[in-house]
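Keep in mind that this is a model prediction, so the values were computed, not measured. Atoms within a ligand are numbered from 1 in the order they appear, just like the ligands themselves.
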Amino acid sequence: MNALAEKLTTLKKEKDAVIMAHFYQENDIREVADFVGDSFELARRARDAGQSVIILCGVRFMAESAKILNPGKTVYLPAADAGCPMADMITKKDVLELRQKYKDAAVVCYVNSSAAVKAVSDICCTSSSAVNIVRSLPEKRIIFIPDQNLGAYVAAAAPEKEIILFSGFCPIHHRVLAEDVKKAEKARPGAVLAVHPECRPEVLEYADYIGSTAGILDHVRQSDALEFLIGTENGVLEILQKELPHKRFYPLASDFICPDMKKTKLEDILQCLKGERSPVELSEEELTGAAKSLERMVAGK
Ligand code: 13P
Ligand code: SF4
């Protein structure tokens with residue numbers, strides 16, 4: 001651990017802070033974190049955090065979710081400009097228009113969305129809980145926002161529902177095409193293909209396993225196979241290669257990197273701990289509206 005990382009470890013205790021990081025963060029950030037997880041676990045841990053300060057190393061919607069689930073705490077997003085382009089593809093106005101058009105439908109909102117969008121949705125989900133949450137609702141018609149690919153995956157897994165899709169997508173996962181899979185499989189014949197459901201349906205068709213980042217990690221840990229093609233951000237591949245050096249991991253695309261997730265620097269965390277940054281602030285309307293749909297998500301997995 002370098003001097004700065006050691007300083008952070010001491011300072012976080014003094015300031016009664018907890019550092020949480022998403023799997024896609026850089027290795028030095030994951031190393032100083034008290035907890036590294038997927039979106040669902042980050043939300044759950046943030047809700048249950050006992051410390052008075054939460055430092056969420058990820059993108060904006062993750063830090064907003066932490067604030068919404070634990071509004072009495074001071075929450076920092078160390079890389080203040082780290083956003084999720086998919087979350088920015090839908091607005092509150094879009095959701096209200098869909099509600100007007102499909103009056104009998106429930107709105108299920110992927111957690112990769114703004115607080116304002118969550119506030120006008122019925123329930124949130126993560127990639128690990130989307131299918132179960134959609135299935136658990138009494139409504140037959142579901143408006144699934146904003147990810148068209150996760151929505152299509154849910155529609156296939158829950159044929160008893162009528163899923164209305166929105167046009168959002170993750171620019172990183174959506175970039176991978178069926179041709180890339182064919183190329184990767186040709187180069188690594190027999191490798192197990194584990195893919196995140198934010199990838200296109202034509203890519204998911206080839207997958208041996210489909211799941212969230214945490215799901216992919218667990219699947220690989222439990223598998224007897226020795227070679228894997230990883231269909232999600234390279235941070236997951238790095239974690240696996242470090243943890244399981246006797247196995248081999250290959251990316252599905254060479255540039256499978258989320259630039260926003262790589263924005264966090266140790267120096268940013270230091271400034272948050274010193275109180276030199278502005279914590280996450282949300283309006284009362286966003287806090288109360290989004291709390292309802294997020295709490296349903298965390299309780300309902
Ligand atoms: P997880 O819910 O699997 O952590 O994924 C979050 C995300 O942003 C995927 O791109
Ligand atoms: Fe958003 Fe995609 Fe980055 Fe995940 S990988 S945070 S969905 S842009």
Side-chain angles (χ1 to χ4, degrees), residues 20-26 29-30 33 35-46 56-66 69 77-90 108-114 117-118 124-133 144-154 166-176 194-200 203-204 207 209-220 230-240 251-253 255-264 294 297-298 300-301:
M20 301 187 193
H22 190 269
F23 291 126
Y24 296 168
Q25 292 287 293
E26 295 278 18
I29 304 296
R30 294 195 302 260
F35 173 73
V36 182
D38 71 349
S39 308
F40 181 82
E41 272 304 307
L42 289 172
R44 200 180 63 80
R45 297 275 185 137
L56 204 310
C57 305
V59 293
R60 179 152 296 275
F61 77 80
M62 295 177 177
E64 283 187 358
S65 298
L69 288 163
L77 173 67
D81 62 339
C84 168
M86 167 159 49
D88 297 336
M89 289 179 187
I90 188 162
V108 177
C109 171
Y110 189 26
V111 72
N112 296 39
S113 52
S114 68
V117 163
K118 288 183 176 81
C124 289
C125 70
T126 60
S127 53
S128 56
S129 61
V131 173
N132 285 348
I133 283 182
F144 192 93
I145 55 168
D147 186 7
Q148 56 176 288
N149 292 334
L150 181 60
Y153 170 68
V154 170
F166 189 74
S167 53
F169 58 90
C170 161
I172 320 304
H173 288 78
H174 197 69
R175 204 158 51 202
V176 181
V195 175
H196 197 284
E198 283 177 15
C199 288
R200 293 168 186 258
V203 168
L204 299 190
Y209 174 80
I210 302 167
S212 72
T213 48
I216 292 175
L217 284 158
D218 287 346
H219 179 78
V220 170
I230 301 299
T232 193
E233 214 268 353
N234 281 350
V236 170
L237 191 146
E238 276 173 33
I239 294 170
L240 285 166
L252 208 45
D255 53 352
F256 221 141
I257 291 168
C258 174
D260 282 273
M261 281 284 188
K262 307 302 187 198
K263 285 181 176 169
T264 320
L294 262 179
M297 171 188 98
V298 183
K301 197 186 182 194

Atoms in ligand 2 with a heavy atom of E198 nearer than 4.0 Å = 2 (Fe), 7 (S)
task = Output yes when the distance from some N or O of ligand 1 to some N or O of S212 is under 3.5 Å, and no in every other case.
result = no
Numbered atoms and elements of ligand 2 in range of P85, under 4.0 angstrom, heavy atoms = 8 (S)
key: Minimum non-hydrogen distance to atom 7 (C) of ligand 1, winning option of H173, E198, E41, M86   = E198
message = Closer than 4.0 angstrom, basic N to acidic O: yes or no for E64 and K118?
response = no
inquiry  = Looking only at protein heavy atoms, which one is nearest to atom 3 (Fe) of ligand 2, and what is the separation?
reply    = C258 SG, 2.4 Å
key: Numbering as shown, the atoms of ligand 1 that approach D38 to under 4.0 Å (heavy-atom distance)   = 4 (O)
query = Is the closest heavy-atom distance from D260 to ligand 2 below 4.0 Å?
reply = no
task = May I ask you to test the R200-F169 pair for a side-chain heavy-atom distance under 4.5 Å?
result = no
note = Separation between NE2 (H219) and OH (Y209), nearest 0.5 Å, reads 7.0 Å
request  = Nearest 0.5 Å please: distance from the CZ atom of R175 over to the SG atom of C199.
outcome  = 11.0 Å
task = For T213, counting its heavy atoms only, list the atoms of ligand 1 lying under 4.0 Å from any of them.
result = 1 (P), 3 (O), 4 (O)
C170 backbone acceptor or donor facing E198 side chain under 3.5 Å = no
Test of proximity, N112 against ligand 1: N or O pairs below 3.5 Å = yes
query = Is the closest N or O pair between H22 and ligand 1 shorter than 3.5 Å?
reply = yes
ask   = To the nearest 0.5 Å, how far apart are CD in Q25 and CG in L56?
value = 8.5 Å
request  = Pick one of side chain, backbone, both or neither for how E233 approaches ligand 2, counting any non-hydrogen atom pair under 4.0 Å.
outcome  = neither
query = Which atoms of ligand 1 have any heavy atom of Y24 under 4.0 Å away?
reply = 7 (C), 9 (C), 10 (O)
ask   = Looking only at heavy atoms, what is the nearest atom pair of S129 and M297, with distance?
value = OG-CG, 4.5 Å
message = To the closest 0.5 Å, what do you measure between OG1 (T264) and CG (L77)?
response = 7.0 Å
request  = Of all the heavy-atom pairs spanning G151 and F144, show the shortest one and how long it is.
outcome  = CA-CD2, 3.5 Å
ask   = Would you call F23 a ligand 1 contact, heavy-atom distance under 4.0 Å?
value = no
query = If you count the atoms of ligand 2 from 1 in the order shown, which ones are under 4.0 Å from a heavy atom of C170?
reply = 2 (Fe), 5 (S), 7 (S), 8 (S)
task = To the nearest 0.5 Å, tell me how far M89 CE sits from S114 OG.
result = 13.5 Å
note = atom 6 (C) of ligand 1: closest protein heavy atom, distance to 0.1 Å, is S39 OG, 3.3 Å
query = Looking at D260, T232, N234, which one forms a side chain to side chain donor-acceptor pair (under 3.5 Å) with Y24?
reply = T232
query = Is the closest heavy atom of S127 to ligand 1 under 4.0 Å?
reply = yes
query = Would one find an N, O or S atom of C84, in either backbone or side chain, under 2.8 Å from atom 1 (Fe) of ligand 2?
reply = yes
message = Only heavy atoms of M86, strictly under 4.0 Å: list the atoms of ligand 2 that pass.
response = 7 (S)
ask   = Relative to ligand 1, is F40 under 4.0 angstrom through side chain, backbone, both or neither, heavy atoms considered?
value = neither
request  = Mind checking the CG-NE2 spacing from L204 to H196? Nearest 0.5 Å is all I need.
outcome  = 10.5 Å
key: Nearest neighbour in protein (non-hydrogen) for atom 5 (O) of ligand 1   = H196 NE2, 3.3 Å
